[in-house]
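Here is the structure we will look at.
Just so it is clear, the structure is predicted and the values come from calculations on it, not from any experiment.
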Amino acid sequence: MYTATVTNSSGTTLSLSQNENNYQVIEITGLSSTGAAVNITALAGVPGGIFNSAHINTRNIVINLALNGNIEENRINLYNMFPEGEKVRFDYSNDTIGEVYINGYIERMECAQFVQKEVAQISIICDYPYFQSAYGVTVPAAASITFNNQSNVASGAIFRVPVLQDTNVIQINDENENFMRFGAYWAAGYYRAGNNIIIDSRQGHKSAILYRSGQQTENIIKQIQPGSTFLNIVPGSNTISVSNAENYQVAVQYFKTFRGV
């Protein structure tokens, strides 16, 4: 059992399930893994070749709908609903994976009018190819936190850092010796007790915002130190810790991420 909806840039939502009086889903493609473009260089006289790089492809979701009810009115509604080039959100759920979504852009909306049963085809190109859970998972703040991520692909997360004592360095680590370090060495105690820092490492959202008295004061991304990397949450077990537990802690909010549904 599945449910699916599409919401356009104006906030209008079209249900693709339990809406057979107007639109009956014939097929939705592009829900499985997108595959990768693998670049291999051939070498003369050598079997096979040498691997150079691999790139995960964009996702192309194609929705085929049979038009019911007032055919002409419903076709015009689809033109209004899916203008080419506009951003849309595709929400999907089933009993196993729960509620997930993906953002994309309308490539085209076509209708085959001169047929016995009129059919519409909507093509959506998703620049970020992975589905994400509609609701985040939050791990409460501590000096070190361990949790199990039920995703099947690594992704960024939101790291919330409550400052306990004045400090001028913030460092968050994972179990693989990767870290994010922010430093304001010109001012002792620049990050003050009671401040909060929110670091977002998700693709397309990267930022590091300092809050004082609950108010956003500045983006401290310019204070990131050499050797740092925006940490990802990997499938399975994760351990995230801070380098100075007396001065600050870390909480993590992540969204389960899937190659396909």
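- The hydrophobic clustering, which links ILVMFWY residues whose side-chain heavy atoms are closer than 4.5 Å, places Ile26 and Leu67 apart.
- Going from atom CD1 of Ile50 over to atom CG of Leu43 covers 4.0 Å, rounded to the nearest 0.5 Å.
- With sequence neighbours left out, Tyr79 forms a ring-ring contact (aromatic ring centres under 6.0 Å, His included) with no residue at all.
- The salt bridge (Lys or Arg N to Asp or Glu O under 4.0 Å) analysis of residues 214-242, with sequence neighbours excluded, yields the pairs Glu218-Lys222.
- Side-chain atoms of Thr41 and Asn52 include a donor-acceptor pair closer than 3.5 Å.
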- Tell me, with the steps shown, if Leu65 and Val25 meet side chain to side chain contact (heavy atoms under 4.5 Å, CB included). CA-CA 5 Å; Leu65 299 175; Val25 173; 3.7 Å; yes
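- The two residues Thr12 and Met81 come nearest to each other via the heavy atoms O-CE, 3.0 Å.
- Between Pro162 and Asn196, some side-chain heavy-atom pair lies under the 4.5 Å cut-off.
- Ser15 and Thr5 share no side-chain donor-acceptor pair at under 3.5 Å.
- The side chain to side chain donor-acceptor pair (under 3.5 Å) test applied to Arg212 returns Asn195, not counting sequence neighbours.
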- Stepwise, does the side chain to side chain contact (heavy atoms under 4.5 Å, CB included) test hold for Asn19 with Leu14? CA-CA 9 Å; Asn19 192 18; Leu14 174 69; 4.0 Å; yes
- Report the C-alpha separation of Leu78 and Ile76 in whole Å, then their side-chain angles, then the decisive distance to 0.1 Å, and conclude whether the side chain to side chain contact (heavy atoms under 4.5 Å, CB included) test is met. CA-CA 5 Å; Leu78 289 179; Ile76 299 302; over 6 Å; no
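- By the 30° and 60° cut-offs, the orientation of the rings of Tyr128 relative to Tyr130 is perpendicular.
- Not a single ring-ring contact (aromatic ring centres under 6.0 Å, His included) links Tyr23 to another residue, sequence neighbours left out.
- Between atom CE of residue Met180 and atom CD1 of residue Ile172 there is a gap of 4.0 Å, rounded to the nearest 0.5 Å.
- Counting heavy atoms from C-beta outward, Asn8 and Glu86 have side chains that stay 4.5 Å or more apart.
- Residues passing the side chain to side chain donor-acceptor pair (under 3.5 Å) test with Asn238: none are found, sequence neighbours excluded.
- The shortest distance between side-chain heavy atoms of Cys126 and Ile124 falls below 4.5 Å.
- Judged by distance alone, the side chain of Asn244 and the main-chain N or O of Glu246 form a donor-acceptor pair under 3.5 Å.
- With 3.5 Å as the limit, one finds no donor-acceptor pair spanning the side chains of Thr3 and Ser17.
- Under the 4.5 Å side-chain contact rule for hydrophobic residues, Ile209 and Tyr254 do not share a cluster.
- Remark: the backbone N or O of Gly260 is not paired with any side-chain donor or acceptor of Ser33 at under 3.5 angstrom.
- Of all heavy-atom pairs spanning Ser228 and Arg181, the tightest one is OG-N, 3.0 Å.
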- Ser151 vs Asn149, side-chain hydrogen bond (donor to acceptor under 3.5 Å, both in side chains): CA-CA, chis, key distance, verdict: CA-CA 6 Å; Ser151 304; Asn149 176 16; 2.7 Å; yes
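- The shortest side-chain heavy-atom distance between Asn247 and Tyr191 does not fall under the 4.5 Å cut-off.
- Each salt bridge (Lys or Arg N to Asp or Glu O under 4.0 Å) pair with one or both residues in residues 64-81, not counting sequence neighbours, appears once here: Arg75-Glu118.
- The neighbour count for Gln225 CD, taken as heavy atoms of other residues, nucleotides or ligands under 6.0 Å away, is above 12.
- Around the NZ atom of Lys206, the shell of radius 6.0 Å holds more than 12 heavy atoms that belong to other residues, nucleotides or ligands.
- For the atom pair SG of Cys111 and CD of Gln121, the computed distance is 10.0 Å after rounding to the nearest 0.5 Å.
- Looking at residues two or more places apart in sequence or on another chain, you find no ring-ring contact (aromatic ring centres under 6.0 Å, His included) involving Phe182.
- The two residues Ile221 and Ser207 make their nearest non-hydrogen contact at CD1-CA, 4.2 Å.
- Neither Ile198 nor Ile220 shares a network with the other; the hydrophobic side chains, linked directly or stepwise wherever heavy atoms of I, L, V, M, F, W or Y lie under 4.5 Å apart, form separate groups for each.
- The neighbour count for Tyr135 OH, taken as heavy atoms of other residues, nucleotides or ligands under 6.0 Å away, does not exceed 12.
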- Message: Using side chain to side chain contact (heavy atoms under 4.5 Å, CB included), reason through Leu31 and Phe90 one step at a time and then give a plain yes or no.
- Response: CA-CA 11 Å; Leu31 301 181; Phe90 178 82; 3.9 Å; yes
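- Here the shortest heavy-atom pairing between Pro140 and Ile145 reads O-CG2, 3.4 Å.
- Remark: Asn68 pairs with Lys117 by the side chain to side chain donor-acceptor pair (under 3.5 Å) rule, at least two apart or across chains.
- Hydrophobic clustering keeps Tyr101 apart from Ile125 (ILVMFWY residues linked when any side-chain heavy atoms are closer than 4.5 Å, directly or through intermediates).
- Separation of atoms CD1 (Ile56) and CZ (Arg259) is listed at 6.5 Å; rounding is to 0.5 Å.
- Under the 4.5 Å side-chain contact rule for hydrophobic residues, Val119 and Ile28 do not share a cluster.
- With hydrogens and angles ignored, the 3.5 Å screen pairs no side-chain donor or acceptor of Ser133 with any backbone N or O of Phe255.
- The distance from the CD atom of Gln171 to the CG atom of Asn173 is 4.5 Å, given to the nearest 0.5 Å.
- For Phe179, the ring-ring contact (aromatic ring centres under 6.0 Å, His included) criterion is met by no residue, not counting sequence neighbours.
- Atom CG of residue Leu16 and atom CD of residue Gln24 lie 12.0 Å apart, to the nearest 0.5 angstrom.
- Among all heavy-atom pairs drawn from Met109 and Ile122, the shortest one is CG-CG1, 3.5 Å.
- Not a single donor-acceptor pair under 3.5 Å links the side chain of Asp95 to the backbone N or O of Gly98.
- For Glu107 and Ser123, the side-chain atoms include at least one donor-acceptor pair closer than 3.5 Å.
- Within the structure, the ring-ring contact (aromatic ring centres under 6.0 Å, His included) test picks out no pair touching residues 197-250 (sequence neighbours left out).
- Taking each heavy atom of Ala4 and Tyr92 in turn, the nearest pair found is CB-CD1, 4.1 Å.
- Listed by first and then second residue, the salt bridge (Lys or Arg N to Asp or Glu O under 4.0 Å) pairs that reach into residues 194-205 are Asp200-Arg202, sequence neighbours excluded.
- By the 4.5 Å heavy-atom criterion applied to side chains, Ile233 and Phe147 are counted as neighbours.
- The side-chain heavy atoms of Val139 and Ile240, taken from C-beta on, include no pair separated by under 4.5 Å.
- Hydrophobic side-chain contacts under 4.5 Å tie Phe51 into a cluster, directly or through other members, with Val38, Ile40.
- Remark: side-chain polar atoms of Arg89 are not paired, donor with acceptor, to backbone N or O of Thr13 under 3.5 angstrom.
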